[in-house]
Structure formats: C-alpha cells, structure tokens
Amino acid sequence: MAPLLKDELDIVIPTIRNLDFLEMWRPFFQPYHLIIVQDGDPTRTVMVPEGFDYELYNRNDINRILGPKASCISFKDSACRCFGYMVSKKKYVYTIDDDCFVAKDPTGKDIDALAKHIQNLLCPSTPLFFNTLYDPYQEGADFVRGYPFSLREGVPTAVSHGLWLNIPDYDAPTQLVKPRERNGRYVDAVMTIPKGSLFPMCGMNLAFDRELIGPAMYFGLMGDGQPIGRYDDMWAGWCVKVICDHLGLGVKTGLPYIWHSKASNPFVNLKKEYKGIFWQEDIIPFFQAAKLTKECDTVQKCYISLSQQVKEKLGKIDPYFVKLADAMVTWIEAWDMLNSKDSKEADANGKLKGR
C-alpha cells in the first residue's frame with residue numbers, strides 16, 4: 001500500500017548538524033520529500049543519510065531567493081524553518097526537530113507520528129462544541145449524548161499539534177525548578193482546541209494544511225539580532241489560532257508523541273526568554289481581544305490585519321513589535337511572491353536536490 005499523501009506532503013527540518021537522526025525515521029519518512037533548512041554557517045556541509053529525497057537551503061540560498069525580503073527569516077534560530085513552509089509546493093507540511101526520535105506506545109510498538117498527524121488532518125475538528133470523549137472521529141469513539149447533531153459535521157482541520165515523551169517542552173524557569181523531570185505519561189487522546197481558546201504551540205512535532213493556513217505559519221523574528229528567542233512557534237500558534245477561529249477552521253492537539261531526546265540549557269534559554277516571559281502577559285490579552293472583520297476572508301488578509309494591530313497595540317510595549325509587525329507584512333509579500341502561479345511553474349533558484 002502506498003504511503004498516505006506521499007505526493008502531497010513535505011517534511012521540513014531546521015538544523016545546524018548532520019541529520020543522522022533520520023536513520024531512525026527511515027521506515028516512516030523515506031517515501032516523502034524533505035525540505036532541510038540549514039541554520040548558522042552556510043559554508044558548513046550538512047550530511048544527509050543516503051536514500052532520502054530532499055532539498056537543502058542555507059542562508060545564502062534564502063538571501064538569493066528572497067532578496068531584500070530575506071530579512072523576515074530568522075537567523076541562528078529554529079524559526080528559520082518557516083522558510084521551508086514558504087518554498088514547499090505541497091498541500092501538507094510536517095515539521096520536526098533533529099533531536100526528536102521515534103517514540104514507543106505503551107505496548108512497545110514504534111509510533112508512526114507522521115501517519116497519525118495525517119489522520120488528524122484528514123478528519124474534521126469540533127471547535128464549536130466540546131466532545132467529552134475527545135476526538136469523535138477516531139476509531140472507537142463517537143459523539144456523546146447531548147452533542148448537537150447540527151454540529152457533528154465539524155470543520156476542516158488546519159493544524160495537528162503533537163506532543164513529546166521524555167524531555168517536556170518547558171520554559172527556562174520551570175526547567176530550573178524541575179531539572180530532572182521527564183514526561184512518561186502517554187495519554188491516548190486527540191482533542192480539538194475550542195474556539196476562543198489560545199494555546200502554546202510547539203513546533204518540534206507539528207503538521208498543518210498549508211493550503212488552509214500556511215501563510216499564517218510565520219515563526220516571527222527570533223535569534224540573531226533580536227531581543228527574544230524561543231517564542232517563534234508560540235507566536236505562530238497565537239496568530240494561527242485567532243485566524244482559524246475567524247475562518248472556521250480547527251486545531252487539534254494530543255497524539256502523536258515523539259521522543260524528545262535532549263534538554264536545552266536552561267540558562268541559555270532564560271537569556272532568550274526573559275523578555276518574552278514579561279511581554280506575554282500583554283501579548284496573550286492582545287490576541288484574546290484581537291478582532292478580524294468580515295472583509296478578512298483569506299489567511300493573507302487576516303494576517304495583514306493582525307500585523308496592523310500588533311504595530312498599533314504591542315508597538316507601545318517595545319519597538320521590537322513594530323519591527324515584527326513590518327516583518328509579518330514582508331513575510332506575506334514573500335509568501336505570495338513564491339506561491340504565485342508563475343513561481344509554481346518555475347523552480348526556486350538555489351535549490352540543492354538530493355537523489
């Protein structure tokens with residue numbers, strides 16, 4: 001049987017190192033096309049195991065392809081992965097970090113995370129009414145008594161947010177307080193995040209429908225030259241959720257699990273996060289109060305509207321948010337430039353395709 005969505009899904013991996021971890025994922029990833037975004041020194045050669053079909057982009061490629069618009073792509077930060085979303089030509093994207101390994105379910109069987117993400121994306125979501133038996137479209141589940149029949153059709157699923165065993169995705173203060181904590185709880189559940197609720201999106205085990213929500217999956221300005229880091233995926237998640245709620249799309253979280261192998265340095269993380277820890281007390285209420293008008297009927301229009309609100313409201317907190325709002329507009333311009341009908345017919349310059 002052919003792998004699900006073999007010709008409709010790209011796997012995007014940001015990295016600064018050789019991708020030996022792909023050997024573990026070979027049974028699940030080899031049929032799919034990989035887009036590797038190399039961060040850091042572009043003269044360094046990243047080794048990819050034989051047998052994978054891939055494109056590899058480094059900073060020189062990003063600058064050549066986007067020109068001045070490359071300023072919206074972060075440097076020395078995993079936020080650079082969103083360049084891979086932009087150059088993909090597929091309907092679906094799965095992104096994973098290079099320190100994420102294959103996890104095992106409670107029976108000891110290897111978890112095919114990609115297959116589960118695909119299942120999540122191909123089934124509807126239920127953001128308008130919570131089903132207490134979690135995802136009613138999963139095998140062995142259904143809508144519970146009292147669930148309105150008029151809402152059982154659900155809405156299209158735009159995002160599938162997976163979780164992690166072993167090293168939890170904690171912020172630096174929590175890492176410092178609980179340095180030895182590991183997540184061993186395997187919860188066999190997928191649920192739709194209700195409309196109106198925000199969530200902290202983690203980019204290390206994430207899949208989405210690029211055609212439904214791709215232009216909103218911008219991981220912001222982080223890393224080199226920026227006053228903040230480790231908020232890239234969360235910024236994208238807040239923007240995505242507000243837009244999904246407005247456009248009638250769903251976001252799922254839960255299964256599948258990956259095995260997160262390596263804890264990052266909490267002191268380095270604190271240096272990256274400390275402004276964000278303060279700022280998020282204003283950022284969250286901002287997103288909770290953000291309004292999109294009926295004229296915002298595409299993801300791009302929604303995103304431009306959000307960027308204007310970011311500049312107006314969050315720009316008062318720190319000049320960084322004015323810069324970020326401008327980068328959000330540049331991102332949409334770059335997305336549209338690479339995803340116009342003309343560009344779809346021509347390959348991007350600087351592509352290094354593996355055999």
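No hydrogens, no waters, no symmetry mates; every other heavy atom, side chains included, goes into these values. Here the structure is a predicted model, which is why all the values come from computation and not from measurement.
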**Report entry** Evaluation steps, side-chain contact (heavy atoms from CB on, under 4.5 Å), between Phe321 and Ile283
**Finding:** CA-CA 10 Å; Phe321 290 102; Ile283 294 171; 3.9 Å; yes
**Report entry** Derivation of the side chain to side chain donor-acceptor pair (under 3.5 Å) call for Asp99 and His260
**Finding:** CA-CA 6 Å; Asp99 63 350; His260 187 206; 3.1 Å; yes
Requested in this report: Please report the C-alpha distance between Tyr54 and Ile35 in whole Å, then the side-chain angles of each, then the deciding distance to 0.1 Å, and finally whether the side-chain contact (heavy atoms from CB on, under 4.5 Å) criterion is met.
Outcome: CA-CA 6 Å; Tyr54 69 93; Ile35 297 177; over 6 Å; no
Report task. Check the pair Gln138 / Asn120 against side-chain contact (heavy atoms from CB on, under 4.5 Å), numbers first and verdict last. Result -> CA-CA 9 Å; Gln138 302 291 314; Asn120 289 345; 3.7 Å; yes
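The aromatic ring centres of Phe199 and Trp238 sit 6.0 Å or more apart. Two rings, from Phe52 and Phe29, have their centers 6.0 Å or more apart. Two rings, from Trp335 and Tyr218, have their centers 6.0 Å or more apart.
Transitive grouping of hydrophobic side chains (ILVMFWY, heavy atoms separated by less than 4.5 Å) brings Tyr303 and Leu292 into a common cluster. The cluster map of Ile, Leu, Val, Met, Phe, Trp and Tyr, joined by side-chain heavy atoms under 4.5 Å apart, puts Val190 and Val144 in different clusters. Criterion: ILVMFWY side-chain heavy atoms under 4.5 Å apart, direct or through other members. Under it, Val155 and Ile243 are not part of a common hydrophobic cluster. Connection of Met191 to Leu121 is not established within any shared hydrophobic cluster, with ILVMFWY side chains joined at heavy-atom distances below 4.5 Å, either directly or through further cluster members. Hydrophobic clustering (side-chain heavy atoms under 4.5 Å, transitive across Ile, Leu, Val, Met, Phe, Trp, Tyr) keeps Phe75 apart from Val37.
Side chains of Val251 and Thr192 form no contact here, defined as non-hydrogen atoms less than 4.5 Å apart. Between Gln300 and Glu333, the closest side-chain pair of non-hydrogen atoms is not below 4.5 Å. By the 4.5 Å heavy-atom criterion applied to side chains, Tyr170 and Glu181 are counted as neighbours. Counting only heavy atoms from C-beta outward, the side chains of Met204 and Ile96 never approach each other to under 4.5 Å. Residues Phe208 and Ser160 are not in side-chain contact: their nearest non-hydrogen atoms beyond the backbone lie 4.5 Å or more apart. Leu255 places none of its side-chain heavy atoms less than 4.5 Å from the side chain of Gln119. In this structure, Thr95 and Ile11 have side chains that are not in contact, with every pair of non-hydrogen atoms separated by 4.5 Å or more. Considering only heavy atoms from C-beta on, Val102 comes within 4.5 Å of Phe28 through its side chain.
Here Arg26 pairs with Glu23 under the salt bridge (charged side-chain N to carboxylate O under 4.0 Å, His left out) rule; sequence neighbours left out. For Lys91, the side-chain contact (heavy atoms from CB on, under 4.5 Å) criterion is met by Glu8, Asp209, Glu211, not counting sequence neighbours. With sequence neighbours left out, Pro319 forms a side-chain contact (heavy atoms from CB on, under 4.5 Å) with no residue at all. Under the side-chain contact (heavy atoms from CB on, under 4.5 Å) criterion, Glu273 pairs with Asp171, Ala172, Pro173, Arg230, Tyr231, Asn269, Ile277, not counting sequence neighbours.
No more than 12 heavy atoms of other residues, nucleotides or ligands lie within 6.0 Å of CD in Glu153, so this atom counts as exposed by the packing criterion.
Of the possible polar contacts, none joining the Asn339 side chain to the Asp336 backbone as a donor-acceptor pair under 3.5 Å is found. Here the side chain of Asn131 pairs no donor or acceptor atom with the backbone of Asp135 at under 3.5 angstrom. Within the 3.5 Å criterion, the main-chain N or O of Gly51 finds a donor-acceptor partner in the side chain of Gln30. In this structure, the side chain of Lys252 engages the main chain of Pro124 through a donor-acceptor pair within 3.5 Å. Ser88 places no side-chain N or O within 3.5 Å of a backbone atom of Tyr85 that could act as its donor or acceptor partner. Under a 3.5 Å cut-off, the side chain of Tyr257 and the backbone N or O of Val187 do form a donor-acceptor pair. Looking at Trp331, its side chain never comes within 3.5 Å of a backbone N or O of Lys69 through a donor-acceptor pair. Proximity of a side-chain donor or acceptor of Thr298 to a complementary backbone N or O of Lys301 within less than 3.5 Å is detected. Between the side chain of Thr157 and the main chain of Val159, no donor-acceptor pair closer than 3.5 Å is present. Between the side chain of Ser125 and the backbone N or O of Leu249, no donor-acceptor pair lies under 3.5 Å.
Residues near Val322 contribute nothing to a hydrophobic cluster around it, because no ILVMFWY side-chain heavy atom sits closer than 4.5 Å to its side chain. The other residues sharing a hydrophobic cluster with Leu128 are Phe129, Tyr137, Phe143, Tyr147, Leu151, where clustering joins ILVMFWY side chains under 4.5 Å apart.
A salt bridge links Lys90 to Asp10: at least one charged side-chain nitrogen sits closer than 4.0 Å to a carboxylate oxygen. Salt-bridge formation is not detected for the pair Lys323/Asp326: no Lys NZ or Arg NE/NH1/NH2 atom is positioned less than 4.0 Å from an Asp or Glu carboxylate oxygen. At a threshold of 4.0 Å, the pair Lys116-Asp112 does not count as salt-bridged, since none of the basic side-chain nitrogens sits closer than that to a carboxylate oxygen.
In this structure, CG in Leu221 is found 10.5 Å from CD1 in Ile228, a value given to the nearest 0.5 Å. Here the straight-line distance linking atom CG of Leu66 with atom SG of Cys72 works out to 6.0 Å at 0.5 Å rounding. In this structure, CE on Met328 lies 5.5 Å from CH2 on Trp235, to the nearest 0.5 angstrom. In this structure, the separation between CG on Asp282 and NZ on Lys313 is 12.5 Å, given to the nearest 0.5 Å. Annotation: the span from Gln38 atom CD to Ile62 atom CD1 amounts to 9.5 Å, rounded to 0.5 Å. Atom-to-atom distance recorded for Lys262:NZ and Phe21:CZ is 11.5 Å, nearest 0.5 angstrom.
The two residues Tyr32 and Pro3 make their nearest non-hydrogen contact at OH-CB, 3.6 Å. Heavy atoms only, all atoms of each residue included: Met24 and Pro27 are closest at O-CD, 3.5 Å. Closest of all the heavy-atom pairs between Cys202 and Trp164 is SG-NE1, 3.4 Å. Between Ser264 and Gln175, the shortest heavy-atom distance links the atoms O-NE2, 3.1 Å. The two residues Ser307 and Ala325 come nearest to each other via the heavy atoms O-CB, 3.3 Å. For Leu165 against Gly184, the heavy-atom pair with the smallest separation is CD2-C, 4.3 Å.
Paired with Arg81 under the rule side-chain hydrogen bond (donor to acceptor under 3.5 Å, both in side chains), one option of Asp97, Asp39, Asp232 passes, and it is Asp97. Looking at Ile118, Asn205, Val12, Leu206 one by one, the single match for side chain to side chain contact (heavy atoms under 4.5 Å, CB included) with Tyr94 turns out to be Asn205.
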